[in-house]
Amino acid sequence: MATPIRISVEHVTKRFASGAVTVFEALDLAVRDGETLCIVGPSGCGKTTLLRCMHGLAAIDDGRIVIDGTEVRAPSRKVAMVFQHFGLMPWKRVRENVAYGLELAGVPKATVQERVAHYIEMVGLRGFETSYPNQLSGGMQQRAGLARALAVEPDILLMDEPFGSLDALTREVLQDELLRIYQLAPRTMVFITHSIEEAIAMGDRILVLSARPARVRELFQVDIPRPRTVESVIAHPRFIPLRDHCWRLLRERAA
């Protein structure tokens, strides 16, 4: 039986500056239920804008985006987004930041407390519940942002270069953490990254976009079995061929 499509991007065009700049044009793609689709492409090709359109935070000019049969016109509770720069409210403690989305949704207080504790534990922040963001390292702030997104228990998770601003060691640790969390609770995920290695480690498929106006350059399968760790992915015999193929696609377009 074919895997259901959760997100359908149908001939979508997005323009900025009163139509003077076309970010992506006639873009088509589909994200399957339970898969992680990683998106890579040149800087400025509209990866983040595409994610914001999927979430309903930005309007499109042509085409349509459909999630579970409903056209996206505004943010949905079944979709959560993790931003590159954490998106934490500096005046709220970790516990309050993680609870924020649940409180907005009107979740009962007892459920809020239960979920907040559960997801803070899951991302490894137990003991830091009463800390403010400025008292945390960058990696810990990103863990808090991830816990906040997971706490609303979304069907779909949109990740906008969530580890892009972190040092190499912290980045690899959090990649392994996200792989572990995905294994515990698989969900549909769209993951934006500039790192080919990260795309291979995290993705079931990789979408390579062209330069602006972005179009689909190629969409291919990551044929490395799960469960994964970053170390196991790098050691797999398919890693280097996949990395070289993705790099050639990006380099040819840049040239």
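A quick note: this is a predicted structure, and the numbers were derived from the prediction, not measured.
Remark: Ile7 CD1 to His55 NE2 distance equals 11.0 Å, nearest 0.5 Å. Here the straight-line distance linking atom CD of Glu10 with atom CG of Leu27 works out to 11.5 Å at 0.5 Å rounding. Distance check, rounded to the nearest 0.5 Å: CG of Leu146 to CG of Leu157 gives 7.0 Å. Distance check: Leu150 CG to Ile120 CD1 gives 12.0 Å after rounding to the nearest 0.5 Å. Rounded to the nearest 0.5 angstrom, Arg205 CZ and Cys38 SG are separated by 11.0 Å. Atom CD1 in Ile206 sits 10.5 Å away from atom CD in Glu198 (nearest 0.5 Å).
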**Request:** Verify side-chain contact (heavy atoms from CB on, under 4.5 Å) between Val190 and Met54, making sure each step is shown before the conclusion.
**Result:** CA-CA 10 Å; Val190 181; Met54 287 181 180; 4.2 Å; yes
**Message:** Checking Ile181 against Met122 for the side-chain contact (heavy atoms from CB on, under 4.5 Å) test, could you report, in this order, the C-alpha distance in whole Å, the side-chain angles of both residues, the deciding distance, and whether it holds?
**Reply:** CA-CA 8 Å; Ile181 290 169; Met122 179 179 283; 3.8 Å; yes
**Asked** Would Val82 and Asp160 satisfy side-chain contact (heavy atoms from CB on, under 4.5 Å), going step by step from the backbone distance to the final call?
**Response** CA-CA 6 Å; Val82 177; Asp160 182 18; over 6 Å; no
**Message:** I'd like to know whether Asp167 forms a side-chain contact (heavy atoms from CB on, under 4.5 Å) with Leu169, so could you lay out the CA-CA distance, the side-chain angles of the two residues, the decisive distance to 0.1 Å, and finally the verdict.
**Reply:** CA-CA 6 Å; Asp167 64 87; Leu169 178 58; 3.6 Å; yes
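Residues in residues 96-115 take part in no side-chain hydrogen bond (donor to acceptor under 3.5 Å, both in side chains) pair, two or more places apart or across chains. Screening residues 167-186 for ring pair (Phe, Tyr, Trp, His ring centres under 6.0 Å), with sequence neighbours left out, gives no hits. The stretch residues 135-155 participates, sequence neighbours left out, in these side-chain hydrogen bond (donor to acceptor under 3.5 Å, both in side chains) pairs: Tyr119-Glu153.
Glu25 and Thr13 are not linked by any side-chain donor-acceptor pair at a separation below 3.5 angstrom, with hydrogens and angles left out of the test.
For Leu136 against Ser131, the heavy-atom pair with the smallest separation is CD2-CB, 3.8 Å. Across all their heavy atoms, Val40 and Ala199 have their closest contact at CG1-CB, 3.9 Å. Residues Val222 and Gly203 share a closest heavy-atom pair of CB-O, 3.4 Å. Taking every heavy atom of both residues into account, Val21 and Arg212 meet most closely at CG1-NE, 3.7 Å. Nearest heavy-atom pair, Ser210 versus Cys45, reported as atom, atom and distance to 0.1 Å: O-CB, 3.3 Å. Contact detail for Ala149 and Pro154: the closest heavy-atom pair is O-CD, 3.2 Å.
Residues Val112 and Met89 do not share a hydrophobic cluster, clusters being chains of Ile/Leu/Val/Met/Phe/Trp/Tyr side chains in contact below 4.5 Å. Note on Val116: it clusters hydrophobically with Phe128, by side-chain heavy-atom contacts below 4.5 Å among ILVMFWY residues. Criterion: ILVMFWY side-chain heavy atoms under 4.5 Å apart, direct or through other members. Under it, Leu104 and Val98 are not part of a common hydrophobic cluster. If you chain together hydrophobic residues whose side chains sit under 4.5 Å apart, Ile39 and Ile5 never meet in one group. Note on Ile192: it clusters hydrophobically with Phe16, by side-chain heavy-atom contacts below 4.5 Å among ILVMFWY residues.
In this structure, the side chains of Lys78 and Ile67 come closer than 4.5 Å at one or more pairs of heavy atoms. The shortest distance between side-chain heavy atoms of Arg215 and Phe24 does not fall below 4.5 Å. Using a 4.5 Å heavy-atom cutoff, the side chains of Leu158 and Val79 are in contact. Contact of the Ile156 side chain with the Arg187 side chain is not registered, since no non-hydrogen atoms from C-beta on lie closer than 4.5 Å. A heavy-atom distance below 4.5 Å is found between the side chains of Met202 and Leu179. Between Phe220 and Val208, some side-chain heavy-atom pair lies under the 4.5 Å cut-off. Taking 4.5 Å as the limit, every side-chain heavy atom of Gln183 sits out of range of all side-chain heavy atoms of Arg180. A heavy-atom distance below 4.5 Å is found between the side chains of Leu178 and Phe191.
In this structure a side-chain-to-backbone donor-acceptor pair under 3.5 Å is missing from Thr170 to Gly139. Here the side chain of Lys14 pairs no donor or acceptor atom with the backbone of Leu50 at under 3.5 angstrom. No donor-acceptor pair under 3.5 Å is formed between the side chain of Arg217 and the backbone N or O of Leu209. Here the side chain of Lys47 pairs a donor or acceptor atom with the backbone of Pro42 at under 3.5 angstrom. Panel note: side chain Asp204, backbone Thr36; a donor-acceptor pair is recorded below 3.5 Å.
For the pair Arg228 and Asp176, the salt-bridge criterion is not met [side-chain N within less than 4.0 Å of a carboxylate O]. Ion pairing between a basic and an acidic side chain is recognised when a charged N comes within 4.0 Å of a carboxylate O; Asp62 and Arg15 show such pairing.
Within a 6.0 Å sphere centred on NE2 of His11, other residues, nucleotides and ligands contribute 12 heavy atoms or fewer.
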Report all side-chain donor-acceptor pairs from residues 230-247 shorter than 3.5 Å, counting only partners two or more places apart or in another chain.
{"from": "Ser232", "atom 1": "OG", "to": "Thr229", "atom 2": "N", "distance (Å)": "2.9"}
{"from": "Ser232", "atom 1": "OG", "to": "Thr229", "atom 2": "O", "distance (Å)": "2.9"}
{"from": "Ser232", "atom 1": "OG", "to": "Thr229", "atom 2": "OG1", "distance (Å)": "3.3"}
{"from": "His236", "atom 1": "ND1", "to": "Arg238", "atom 2": "N", "distance (Å)": "3.0"}
{"from": "Arg238", "atom 1": "NE", "to": "Asp223", "atom 2": "OD1", "distance (Å)": "3.0"}
{"from": "Arg238", "atom 1": "NE", "to": "Asp223", "atom 2": "OD2", "distance (Å)": "3.0"}
{"from": "His245", "atom 1": "NE2", "to": "Glu218", "atom 2": "OE2", "distance (Å)": "2.7"}

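Clustering of Ile, Leu, Val, Met, Phe, Trp and Tyr by side-chain heavy atoms under 4.5 Å joins Tyr132 with none of the others.
For Glu121, the salt bridge (Lys or Arg N to Asp or Glu O under 4.0 Å) partners two or more places apart in sequence, or in a different chain, are Arg126.
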